[in-house]
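Notes follow the structure.
By convention in this document, chain letters (A, B, ...) are assigned in the order of the sequence lines, proteins followed by strands, and residues within each chain are numbered from 1. Computed from a predicted structure; not experimentally measured.
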Amino acid sequence: MIHYRLAELAELTRHLGRTRQVWQRSGAKEWCQADASNPPPLEAGRSVQSAKGFFFAEQEHIFEFDGRYFRETLPKPAPFALIGVSSCDLVAIAYQDQFFASDPHYQARRQQALLVGLECTVPCEHGFCPTVDAGPAARPGTSDLVLHPVGNGWLLTVTSEQGRKSLQGLNLTTAPEAMKQQRQAQLADCERQFPDDQHIRDGVQALNAGTVNASTWQQMGVQCLSCSGCTSLCPTCSCYGVQDQSADQTITRRRFWDSCLYDGFQREASQHNPSDDAGARVYRFWYHKFSDDFRKDFGRYGCVGCGRCEATCPGVIGIHSVMKRISQHD
Amino acid sequence: MPGKQAVQTICPFCGVGCGMHLLVDDQNRVAAVSPQGDHPISRGKLCAKGWSTPFAIEPGDRIRQPLIRTDDGFRPASWDEALEVIRYGLLDILSQLGPTAVGVISSARASNEDNYAAQKFARAVLGTNNIDHCARICHSPTVAGLKQTLGSGAMTNSAADIDSAEVLVVWGADATENHAILGGHIIEAKLRGATLIVVDPRRTRLAKLADLHLQVKPGTNILLVNALLHEIFRHGWQNQDFLDSRCEGADALRKSVRDTSPTQLADAIGVPAEQIEAMARTYGQANSAMILYGMGITQFVSGTFNVMALSNLALSCGQIGRPGTGINPLRGQNNVQGACDMGCLPNVYPGYQDVADPAVRQHVSDYWQCPLPDHTGLTSMGMTQAALRGEFKGLILFGEDPVVTDPDQNEVLASLKALDLLVVAELTMTETARHAHVVLPAASFAEKNGTFTNCERRVQRIHQAIPPVGEALGDWQWLGAIARQLGSSSLDWTNSQAVFDEMAGMTPSYSGMSYEKLARQHGLQWPCDDAAPEGTPTLHQTEFPIGRARLIPVHHVDIDEPADADYPLQLTTNRLHFHYGCGSMSRKSPLLERETPDGILFISPEDARNLRLKNHSAIGIRSRRGYLETRAIITDDLPPGLVSMPYHFSEAPSNQLTNRAMDPVSKMPELKVCAVRITPLPEGQAPRTIQSIRASAAPPSARENS
Amino acid sequence: MTSLTPMVAELVDYYDDGEAARHFQFRLLDQQQWPPPEPGQFFMLSVPGAGEIPLTFTQLPDQNQHWWALVRRMGSVTSALFRLEPGAILGARGPFGRGWPRPGSDQTPVLLIAGGCGLAPLVSQAERLLEMNLGPVALIYGARSPEARVLGRERDRWQHKLALFEVIEQSPGQTARRTPLDALPDVLAHWGHEPGATFMCGPEAMMTALSQRLIERGIPPSSIWLSLERRMHCATGTCGHCYLSHRYVCQSGPTFGWPELELLMQQPVTTQTPPLLSC
Ligand SMILES: Cc1cc2nc3c(=O)[nH]c(=O)nc-3n(C[C@H](O)[C@H](O)[C@H](O)COP(=O)(O)OP(=O)(O)OC[C@H]3O[C@@H](n4cnc5c(N)ncnc54)[C@H](O)[C@@H]3O)c2cc1C
Ligand code: SF4
Ligand code: SF4
Ligand code: FES
């Protein structure tokens with residue numbers, strides 16, 4: 001792995017901006033397109049929305065139909081770089097890369113992206129990435145480049161071939177050993193500052209052991225307002241709905257983010273609904289994130305420890321609330 | 001792909017006023033929304049409706065240009081042409097019948113700026129006080145009741161008080177479905193240790209989580225309050241200091257509840273006396289107790305008295321004027337508070353300044369530099385009646401769909417048909433717009449700047465994120481264009497800030513506000529004036545607007561239409577989390593639409609069994625006023641004898657059935673209870689929409705197996 | 001990559017069956033080819049403008065890529081399909097999912113059980129069994145009423161080749177409801193064989209109850225196969241709607257062996273039991 005010292009972040013942004021669109025987080029903690037010649041300051045921590053929508057779009061067209069032929073409407077984005085993706089979100093992208101490996105729409109976008117990670121030096125509110133092996137250090141194979149703030153500058157680590165190529169033409173000096181050591185120290189320090197996560201470990205164990213009784217899930221089902229907040233913000237949630245729309249002579253089919261917490265998610269035309277119990281739906285969400293069954297398929301849990309669900313759930317059944325409840329079951 | 005830019009704004013759906021960012025893509029579409037983490041109320045959360053905002057404002061079926069009615073529908077027209085038709089129409093009516101024959105119905109969904117413009121247009125341009133908006137359907141009894149007892153009809157406290165209250169009383173309000181984010185605060189408070197008491201005939205979500213659920217019979221609110229007061233006075237739990245120093249009428253109130261003990265009234269109320277006693281003990285002894293109420297209080301013939309009863313309860317225990325207390329109406333639409341504040345009511349100018357007061361009128365007339373009418377204005381219902389009598393001929397209406405939401409759809413339809421000129425400005429072709437002579441394309445909240453005032457009196461900025469669709473204009477803009485057609489420059493503002501500044505200059509409670517100041521804080525709560533430059537989270541801390549608060553004894557009023565042999569079930573109405581108002585926005589989301597695809601009726605397992613209904617059975621439902629078909633959903637959230645219908649669906653509008661008997665004070669119709677009869681439809685027969693029931697020649701009674 | 005965009009297909013022919021069901025013949029246009037489907041697999045039919053639904057083959061595609069499906073009119077897409085006439089242009093993707101296991105080459109008696117339109121996915125399996133002409137085959141067919149029965153031509157054709165037991169849920173003069181579950185003991189007694197393989201399709205509650213009943217009778221769980229219904233929007237294992245535990249029915253199913261299904265159905269919160277027979 002090659003490590004560089006980067007004095008000015010803007011240098012990198014300007015360089016990448018020559019060949020790609022550059023996206024960074026705005027002051028509102030949302031991903032916005034940045035002016036590469038005059039980029040906003042880079043902030044670490046969690047953005048409100050993860051980078052999910054760059055690849056699995058909130059809404060997109062699948063095809064157009066003109067009355068005789070179907071024309072697949074694959075996106076054709078220009079090459080782009082995401083600068084400042086947190087470690088947990090990098091892991092989430094890697095997770096979705098697996099899930100959507102054969103999805104042409106996802107891959108059309110994904111292949112155009114350069115991922116520049118940004119490691120956290122302090123835990124974020126509700127975050128617990130160390131518990132689920134997703135941070136604070138960027139995990140191998142999840143990025144192209146990784147930034148870590150050291151002193152007044154940055155340690156820039158090249159983590160992929162694409163990353164290496166993206167730096168061609170940029171004059172960089174190799175980072176001194178001390179910088180690398182400082183990164184290690186800062187990461188270790190950050191990790192130590194995370195609050196106690198015993199409730200999550202216990203909760204995951206209870207969930208997998210099947211010792212959480214139905215009424216606990218059902219009580220939480222009462223609290224679920226089916227707002228879709230958790231599934232929208234969770235960086236590994238991937239369900240979608242589809243709908244045909246007609247305009248003039250053209251019919252388009254679109255897909256859009258859906259949520260397994262909706263009562264209608266599995267309801268069939270006959271009104272039979274395999275998950276008509278709100279408690280069953282809440283269970284489903286957590287089973288998807290933390291069951292060993294999925295872990296076997298994906299090589300890791302479906303949760304990357306970002307804490308967004310805790311922050312956004314109006315019914316107080318985000319990660320910490322749920323894990324506390326199910327780890328204390330009778 | 002996520003937005004190129006994130007534009008901060010306020011959710012357009014309900015009165016909670018959550019903060020969100022609109023994520024705008026490179027084609028100027030709102031691709032997604034994102035919750036605003038540092039917003040004081042929503043704190044990074046949104047409800048299902050908020051999350052579905054991109055669908056709601058999708059350009060798809062938006063009205064893009066003015067439409068003029070032809071013999072067989074509408075034809076697109078230019079703004080000039082449309083304005084011309086409106087001008088001739090209005091001048092015709094004005095010259096024949098004068099300004100009492102025209103009026104404006106504004107929208108609790110539009111911005112303050114739009115509403116200010118609407119009432120100014122009515123008064124200064126048309127010369128009429130015939131101006132109203134839809135608050136009548138929601139909270140007019142609140143205004144009428146609290147005005148008498150406290151002197152102000154708004155929520156006394158703030159959303160943040162939910163966090164500090166020791167006891168929360170949720171009365172006739174389904175907060176998690178209608179005001180979901182506040183509902184979430186209540187769940188959070190309950191989990192944190194607050195005591196939650198729910199009074200509701202239905203087992204609502206909050207009722208399931210509550211420490212105490214009083215599942216009362218519909219229409220027994222006053223009985224319950226009086227029983228609570230009896231118990232409170234008997235034990236000396238009243239706040240005597242507060243009664244002595246801040247209220248009047250305590251003795252009379254005390255006397256009036258001498259014979260209303262829980263034991264005496266338990267049967268009539270429908271809950272055990274012990275529950276009433278427990279509630280009295282909890283509320284009466286709390287350090288801070290907050291009452292939140294909704295349409296389960298207001299939508300009765302006793303609506304105003306119900307509100308006054310709650311006021312008696314809060315005042316007797318001194319649970320008002322401090323953080324974590326108060327009497328707090330949960331208002332429906334995003335800007336219903338603002339529409340009232342702006343004077344979109346026939347009897348008041350902005351800031352509730354009395355139209356009937358000559359000094360006030362003179363003052364406003366000087367400020368606007370035009371003469372003002374002194375006749376009594378008509379409410380929306382008054383306009384309907386006058387139209388049916390042929391005395392009212394021209395109506396300008398925006399952002400409302402009374403044909404779907406009004407309690408008496410048939411009457412509203414007839415009155416609209418009696419008009420010579422109906423102008424409707426809308427986002428999409430609503431049922432009401434279909435009857436217009438001219439339809440104007442209105443800009444959505446994402447397409448304009450302005451302010452909304454939420455239910456806790458917080459005035460917040462909305463920011464334009466995308467250009468208006470087609471030729472759409474903001475409401476104050478097209479109202480200004482009509483004014484200019486009529487030769488008036490009263491509405492010639494250059495931008496929404498100019499409208500706001502003019503409004504703040506004449507509205508005492510907004511006088512300390514400006515766009516800059518609103519941007520600095522996350523909005524400001526009125527009154528915001530010299531005395532309170534940072535706004536007022538808690539009202540009535542030292543004094544009431546009327547000096548001392550009034551305790552006014554109230555007595556039980558029977559519901560107008562109890563169940564009987566012919567109509568053996570009671571019907572109540574409810575709202576669903578997923579939908580909002582008439583559904584014209586929320587039903588555009590395929591996800592929310594999937595949640596409840598057909599209009600539905602909720603029914604208890606017992607009643608379902610008696611009627612041999614299965615879940616999702618097709619049924620006919622008849623009241624003395626109308627007939628609908630829909631599907632039944634069996635749920636033990638309802639007690640036997642009571643069925644419930646949401647009112648969001650134009651194919652099965654529950655207002656076909658509801659009672660038109662009114663609260664004599666506020667004219668609020670008794671929407672919360674009427675008598676109905678339910679008959680299963682033959683197996684395999686799908687429910688028909690109201691439209692096809694109307695179209696079918698066969699009288700529906702022929703199809704019933706009675 | 002698995003595309004979500006369908007191939008162009010044409011509605012060739014149709015005829016009505018039962019109360020609200022219709023047989024449709026489709027074909028792929030433009031010389032497109034599908035890999036040969038197995039009995040029990042399904043395809044996604046697009047009615048442009050209305051949406052896309054999963055349907056099973058009642059007759060597998062021939063060399064000319066013509067095939068048949070039986071469709072019950074339910075909601076938006078099926079209703080739109082019922083309004084179409086031959087020549088209409090549609091979209092089709094497939095084949096998807098895991099079909100019924102191939103019958104072995106022994107003389108094992110095979111039991112087929114279908115409820116309502118659940119007979120559709122068993123048709124091509126039955127045809128295959130009868131063609132191979134191995135052991136005895138029985139079919140228990142449950143329907144809500146005599147009028148609601150479907151696939152009359154096929155049942156006629158099978159008359160002398162398999163033992164057919166029809167069970168009508170509600171018929172005049174019959175007081176109690178009667179489902180294939182109620183009929184099972186009588187049928188097995190009458191047929192005189194113990195099934196070595198059972199294939200069934202119908203309402204989920206009916207199938208689980210039947211499976212348990214068969215197992216109680218000593219029939220090996222691994223010889224019982226069920227075809228499941230779930231809401232489906234992609235058939236590629238990505239939309240998530242058809243989830244069943246950590247599997248997606250569109251890919252791991254729709255047919256499951258009982259031992260696998262039993263494991264997948266274990267979850268702490270189960271839903272209310274729907275009626276045994278409704279379609
Ligand atoms: C593997 C499989 C094979 C099937 N084979 C047949 C068949 O051969 N004949 C037949 O009549 N029916 C079959 N069905 C059921 C059929 O797919 C549904 O009846 C149909 O989707 C209803 O669509 P709709 O638009 O009319 O109903 P709506 O209620 O309007 O449904 C809206 C949408 O939801 C989805 N949906 C709703 N119910 C189902 C469901 N039960 N299964 C899958 N998606 C659903 C569809 O995308 C549909 O477009 C099969 C289902 C599955 C899963
Ligand atoms: S489950 Fe919650 S904490 Fe885990 S990745 Fe999803 S949103 Fe983040
Ligand atoms: S965020 Fe909470 S309330 Fe909303 S859908 Fe998820 S679990 Fe339910
Ligand atoms: S149908 Fe989409 S995952 Fe199975």
Side-chain angles (χ1 to χ4, degrees), chain A residues 62-63 65 67-73 99-107 210-214 216-218 221 237-246 251 253 255 258 260 264-277 279-284 287-288 291 293-294 296-297, chain C residues 1-8 29-30 46-53 72-80 89-91 93 116-117 203-205 228-234 236-247 249 263-272 274-275 278-279:
Chain A
I62 298 174
F63 64 72
F65 175 70
R68 179 59 177 79
Y69 295 102
F70 295 91
R71 192 178 62 78
E72 189 168 45
T73 46
F99 184 77
F100 284 118
S102 304
D103 186 276
H105 298 262
Y106 181 97
Q107 292 301 338
T211 51
V212 187
N213 56 28
T216 305
W217 293 111
Q218 271 152 345
C237 271
S238 53
C239 291
Y240 61 86
V242 297
Q243 184 191 32
D244 283 15
Q245 291 179 302
S246 314
I251 287 164
R253 178 165 301 155
R255 71 174 179 187
D258 204 338
C260 61
F265 186 78
Q266 283 207 309
R267 195 195 307 123
E268 294 153 22
S270 63
Q271 306 294 340
H272 169 241
N273 185 354
S275 51
D276 69 353
D277 186 300
R281 298 195 295 273
V282 170
Y283 167 74
R284 164 70 191 175
Y287 171 79
H288 186 221
S291 91
D293 297 336
F294 278 103
K296 278 182 210 118
D297 293 346
Chain C
M1 295 293 131
T2 21
S3 176
L4 297 172
T5 304
M7 293 178 179
V8 185
L29 295 184
D30 308 329
S46 279
V47 181
E52 189 174 37
I53 56 169
R72 205 170 114 86
R73 190 171 68 223
M74 300 294 294
S76 50
V77 181
T78 48
S79 300
I89 300 293
L90 300 160
R93 296 189 289 137
C117 283
E204 204 164 303
L228 237 58
E229 189 167 342
R230 280 293 178 277
R231 192 180 177 108
M232 290 184 183
H233 287 299
C234 71
T236 63
T238 54
C239 78
H241 285 266
C242 68
Y243 72 75
L244 177 65
S245 190
H246 62 299
R247 293 282 172 249
V249 173
L263 281 177
L264 292 174
M265 287 199 165
Q266 272 173 10
Q267 53 161 15
V269 200
T270 44
T271 53
Q272 307 152 8
S278 59
C279 73

Heavy-atom contact with chain C under 4.5 Å, split by part of A:Gln266: both
Let's test your reading of the structure: which of A:Asp244, A:Val282, A:Ile251 forms the most heavy-atom pairs below 4.5 Å with chain C? A:Asp244
Name the region of C:Leu29, side chain, backbone, both or neither, that has any atom closer than 4.5 Å to a heavy atom of chain A. side chain
Please classify the contact between A:Asp293 and chain C as side chain, backbone, both or neither, with a heavy-atom cut-off of under 4.5 Å. both
So, for A:Tyr287 and C:Ser245, which heavy atoms are closest and what is the spacing to 0.1 Å? OH-OG, 2.7 Å
Please give me the minimum heavy-atom distance between C:Glu229 and A:Glu268, naming the atom from each residue. O-OE2, 3.3 Å
Under 4.5 Å from any heavy atom of chain C, what part of A:Arg68 do you find: side chain, backbone, both or neither? both
C:Tyr243 six-ring face occupied by A:Arg284 cation (under 6.0 Å, within 45°): yes
Below 4.5 Å, heavy atoms only, C-beta onward: do A:Phe65 and C:Ile89 meet side chain to side chain? yes
Taking all non-hydrogen atoms of both residues, which atom of A:Gly241 and which atom of C:His241 are closest, and how far apart? CA-NE2, 4.0 Å
Between the side chain of A:Ser102 and the main-chain N/O of C:Thr2, is any donor-acceptor distance below 3.5 Å? no
Checking heavy atoms, do the side chain of C:Ser46, its backbone, both or neither come under 4.5 Å from chain A? both
Can you give me the closest heavy-atom contact between C:Ser3 and A:Glu72, atom names plus distance? OG-OE2, 2.7 Å
Using a 4.5 angstrom heavy-atom cutoff, name the option from C:Cys242, C:Pro48, C:Ala50, C:Gly237 with the most pairs to chain A. C:Pro48
Looking at CZ of A:Phe70 and CG of C:Leu4, how far apart are the two atoms once the value is rounded to the nearest 0.5 Å? 13.0 Å
Quick check on the interface: out of C:Arg230, C:His233, C:Gln266, who has the most heavy-atom pairs with chain A under 4.5 Å? C:Arg230
Residue pair C:Pro203 / A:His272, side-chain heavy-atom distance below 4.5 Å: no
Engaged part of C:Val47 at the chain A interface, taking heavy atoms whose separation is under 4.5 Å: backbone
Can you tell me how the ring of C:His246 sits relative to the ring of A:Phe294, calling it parallel under 30°, perpendicular over 60° and tilted otherwise? perpendicular
Which heavy atom in A:Ile62 sits nearest to a heavy atom in C:Thr5, and how many Å separate them? O-OG1, 3.7 Å
Heavy-atom contact with chain C under 4.5 Å, split by part of A:Tyr283: side chain
Separation between OG1 of C:Thr238 and NE2 of A:His105, rounded to the nearest 0.5 Å: 9.5 Å
Measuring from atom CD of C:Glu52 to atom CD of A:Gln243, what distance do you get when rounded to the nearest 0.5 angstrom? 14.0 Å
Which heavy atom of A:Cys239 sits nearest a heavy atom of C:Gly240, and at what distance? SG-CA, 3.8 Å
Return the option, out of C:Asp30, C:Thr236, C:Ile53, C:Leu244, with the maximum number of heavy-atom pairs under 4.5 Å with chain A. C:Asp30
Please look at A:Ser291 and chain C and tell me whether the side chain, the backbone, both or neither of the residue comes under 4.5 angstrom of a heavy atom of that chain. neither
When heavy-atom pairs shorter than 4.5 Å are enumerated against chain C, which of A:Tyr106, A:Tyr240, A:Phe63 gives the highest number? A:Tyr240
Among C:Cys234, C:Gly91, C:Ser76, C:Cys239, who wins on heavy-atom pairs under 4.5 Å with chain A? C:Cys239
Between C:Met7 and chain A, which part of the residue has a heavy atom less than 4.5 Å away: side chain, backbone, both or neither? backbone
